[in-house]
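Each remark here refers to the structure printed beneath this line.
Every heavy atom of this structure was used, including side-chain atoms; hydrogens, water molecules and symmetry mates were not. These figures come from a predicted structure and were not determined experimentally.
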Amino acid sequence: MNLDHKSSLKQLNYKADDYSFDKIESMAEDLSNEMKLGSRPACSLRKILEEKYNIKIFYYDLGISGSASSAVGKFGYAILINSSEPVWRRNFDLAHELFHILTWSIFKHEDVHRNDGTKSIVEQWADAFAASLLLPQVEVSREFKNKMQNNLISLVDIVAIAREFEVSTEALMWRLVNLKLLERSEVRKILDSDSFKKIDMTERTADHKQAPEISDRYFSLAFKTFTKGLISKSILAEYLNLNISDVGKKLAEHGYNLEEVYDAEIIAA
C-alpha cells in the first residue's frame, strides 16, 4: 500500500519583494489552472488538496478562538479549519491558508501576524489570493452580466451567485468591486443595510453544511498505516480522536472492518 503522505504541491519560489495585488491575481489563476479546479473552485478545492496533493485538512470546533491555521513540517502540509463556521467561511479560510502554505518559506511569522490588531499586508494578500482563487474573473463576470437587466442586478441575484460559488456574499461583492463591476461606495451601503442582511440570511439558511471532523483522505491514511502494522489500535484511536472501544464502529461507518485483511495485493497489467 502506498503510504506517501508528503505533499506534491510546490511552494512558490518568488521573492518577498515580487508580491503585489496584481501578482496575486495572476498567481491564483495559474494555480487554479494547474490544479484543474474548474469553474467553481470552492466545490473541488478541498478534495483536490487532499486526494491529489496529500494536504491534511482537519475541521474542529474552535469556537471564537480562531478561524483557521496551517502548518508545514516532516508530516507534510496541514490546514486546520473552524468547523463551527458556515461553509462559505470555511471555503475562504481554506484558500487563505493555502496561500500561507505556498509562501511558507518566503514570509516570516512577524511579516504575517501583527500585535497591533491591524491586518498585515501578507494577510491582505492571502485574502486577495483566496478571493481570486475561489472567484475566477471570467466565470464571475459572466454570471454577473447574465443576471443584469438594464444595467441593474437584484440583491437576490447577488446572493444567488455567492451561493453558486460557495463563498460569502460579502466576499463576492468586494470581488465585484475589484473587477470594476460594482461601485465601492454602493457595496458599503448595501452591506450595512438591514434589509440586505435579512435577504442574505434567509437565502443562505440551507447552506450551513456540517464540516467533516476527519477527512476521508486522513482516515484512509491512518487505517492503511494500521493495517501495515506501523501503528497499534490504540495509536489509531488516538489519531482518530476516539476511545479505543469506538474504533471498530467508526471504521464500519467508513466501510472498513477490523476482521478483514486489507494488505492483499493484485498484479497490475
### Query
Can you list the steps and then say if L49 with Y77 is a side-chain contact (heavy atoms from CB on, under 4.5 Å)?
CA-CA 10 Å; L49 288 178; Y77 300 159; over 6 Å; no

### Query
If two hydrophobic side chains count as joined below 4.5 Å and joins carry through other members, does F223 share a cluster with I244?
no

Does any part of the side chain of [Y], heavy atoms only, come nearer than 4.5 Å to the side chain of [X], both counted from C-beta?
X    : Y    : value
L31  : L102 : yes
V159 : F196 : yes
N91  : F165 : no
K145 : L181 : yes
V177 : E186 : no
L176 : V187 : no
I235 : F226 : no
L133 : F99  : no

### Task
Starting from the C-alpha separation in whole Å, work towards a yes-or-no answer on side-chain contact (heavy atoms from CB on, under 4.5 Å) for W174 and L182.
CA-CA 8 Å; W174 286 122; L182 288 178; over 6 Å; no

### Task
Using a strict 4.0 Å threshold on nitrogen-to-oxygen distance, state whether K47 and E50 make a salt bridge.
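E50 and K47: not salt-bridged.
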
### Message
With a 4.0 Å cut-off on N to O distance, would you call R40 and E143 a salt bridge?
### Response
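Here R40 pairs with E143 in a salt bridge, since their nearest N and O are under 4.0 Å apart.
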
Reported [atom1]-to-[atom2] distance for the pair [X] and [Y], which is rounded to 0.5 angstrom:
X    : Y    : atom1 : atom2 : answer
T169 : I190 : OG1   : CD1   : 11.0 Å
S132 : L179 : OG    : CG    : 8.0 Å
I81  : S67  : CD1   : OG    : 7.5 Å
K147 : L152 : NZ    : CG    : 15.5 Å
L45  : L94  : CG    : CG    : 4.5 Å
D93  : L98  : CG    : CG    : 12.5 Å

Can you name the closest pair of heavy atoms from [X] and [Y] and give their distance?
X    : Y    : value
S39  : P136 : O-CG, 3.9 Å
V167 : W88  : C-CB, 3.2 Å
E25  : Q137 : OE2-OE1, 3.9 Å
R90  : S83  : NH1-O, 3.7 Å
A126 : H96  : CB-CE1, 3.3 Å
I231 : A222 : CD1-O, 3.9 Å

Polar side-chain atom of [X] near backbone of [Y] as donor-acceptor pair, under 3.5 Å:
X    : Y    : result
T225 : L230 : no
Q124 : K119 : yes
S168 : A171 : yes
K56  : F75  : yes
S26  : K23  : yes
E97  : S70  : yes

### Task
Identify the residue among I55, I48, N54 that makes a side-chain contact (heavy atoms from CB on, under 4.5 Å) with L9.
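Single side-chain contact (heavy atoms from CB on, under 4.5 Å) partner of L9 among I55, I48, N54: I55.
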
### Task
Classify the angle between the aromatic ring planes of F21 and W125 as parallel (below 30°), tilted (30 to 60°) or perpendicular (above 60°).
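Plane angle over 60°, so perpendicular.
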
### Query
Going by the angle between their ring planes, with limits at 30° and 60°, are Y60 and F58 parallel, tilted or perpendicular?
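Y60 and F58: parallel rings.
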
### Task
Kindly state whether the ring of F107 and the ring of Y19 have centres lying under 6.0 angstrom apart.
yes

### Query
In this structure, are over 12 heavy atoms from other groups packed under 6.0 Å from E110 atom CD?
yes

### Task
Give a yes or no on whether E51 atom CD has more than 12 heavy-atom contacts from other residues, nucleotides or ligands under 6.0 Å away.
yes

